[in-house]
Amino acid sequence: KYGYDVLGAEMRLSILRSPVYAHHQPYKLAADKPYLYQDQGLQTVYYRLVPHRGSWQAAGIPRLAWELNERPLWVNEAAHIGTLPLAASFLEAEPDNILLSAYKKAEDTDTLIVRGYETSGQPTLATLRFPHLDFAWQARFKPHEIKSWRVTPGQQPVAKEVDLLERDLK
């Protein structure tokens with residue numbers, strides 16, 4: 001939610017906040033008057049504790065956080081004859097310290113935009129794949145670097161790196 005801290009063996013998580021106390025200048029709050037400005041309404045909080053040995057990078061904490069915050073979408077389907085596998089992916093990245101955060105139609109063309117970033121602070125040579133297009137490319141990431149590509153599907157798919165505004169890099 002709003003904040004957390006760890007001191008020794010104690011971990012604390014702030015669940016609710018009182019914004020009236022955050023913005024009181026120049027107005028001074030009366031100590032004897034109740035203020036009903038804390039978070040209002042039903043609050044739903046999700047958090048994950050991940051006990052692990054070794055570093056947070058080895059434990060894959062960024063990927064676990066992404067999975068917690070981005071709930072999977074699914075479609076219920078009855079059993080039927082078909083040619084698709086039981087599981088498939090539109091887009092894949094290896095190794096695990098590369099997270100793909102966007103896969104969308106480009107703003108100005110019918111091409112696709114793929115965006116990803118490095119999560120563990122390590123230079124990485126990554127392989128990105130569109131299994132359904134039988135297309136893959138490699139990209140070098142600096143520590144914590146965000147990268148975007150314009151992918152043009154077709155007989156010979158092409159991935160060209162672009163900036164965050166989807167403009168070609170010079």
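For this chain, numbers begin at 1 and follow the sequence in order.
- In this structure, Ser148 OG and Arg115 CZ are separated by 3.5 Å, a value rounded to the nearest 0.5 Å.
- Taking the side-chain contact (heavy atoms from CB on, under 4.5 Å) definition, one finds that Lys105 meets it with Asp110, sequence neighbours left out.
- The shortest side-chain heavy-atom distance between Phe141 and Leu125 does not fall under the 4.5 Å cut-off.
- Atom OG1 of Thr119 is separated from atom NE2 of His144 by 8.0 Å, given to the nearest 0.5 angstrom.
- When all heavy atoms are compared, the tightest approach of Pro157 to Leu133 is CG-O, 4.5 Å.
- Using a 4.5 Å cut-off between side-chain heavy atoms of Ile, Leu, Val, Met, Phe, Trp and Tyr, Leu164 falls into a hydrophobic cluster with Trp66, Leu99, Tyr117, Ile146.
- Leu169 places none of its side-chain heavy atoms less than 4.5 Å from the side chain of Val162.
- For the pair Val114/Leu91, a side-chain contact is recorded, criterion being any heavy-atom separation below 4.5 Å from C-beta on.
- The OH atom of Tyr47 sits 7.0 Å away from the CD1 atom of Ile15 when rounded to the nearest 0.5 Å.
- For residues 150-160, the pairs satisfying salt bridge (Lys or Arg N to Asp or Glu O under 4.0 Å) are Asp108-Arg150, Lys160-Asp168, with sequence neighbours left out.
- In this structure Leu68 satisfies the side-chain contact (heavy atoms from CB on, under 4.5 Å) test together with Tyr46, Arg48, Arg71, sequence neighbours excluded.
- Shown here is Tyr103, whose OH atom has more than 12 heavy atoms of other residues, nucleotides or ligands within 6.0 Å.
- Between Trp56 atom CH2 and Leu64 atom CG the span is 12.0 Å, to the nearest 0.5 Å.
- Annotation: Leu165, atom CG; neighbour count of heavy atoms from other residues, nucleotides and ligands within 6.0 Å is above 12.
- Salt-bridge formation is not detected for the pair Glu118/Lys142: no Lys NZ or Arg NE/NH1/NH2 atom is positioned less than 4.0 Å from an Asp or Glu carboxylate oxygen.
- Identified under the side chain to side chain donor-acceptor pair (under 3.5 Å) test for residues 124-140, with sequence neighbours left out: Glu94-Arg129, Asn97-Thr124, Thr127-Gln138.
- In terms of the side-chain contact (heavy atoms from CB on, under 4.5 Å) criterion, residue partners of Asp96 (sequence neighbours excluded) are, by chain and number, Arg63.
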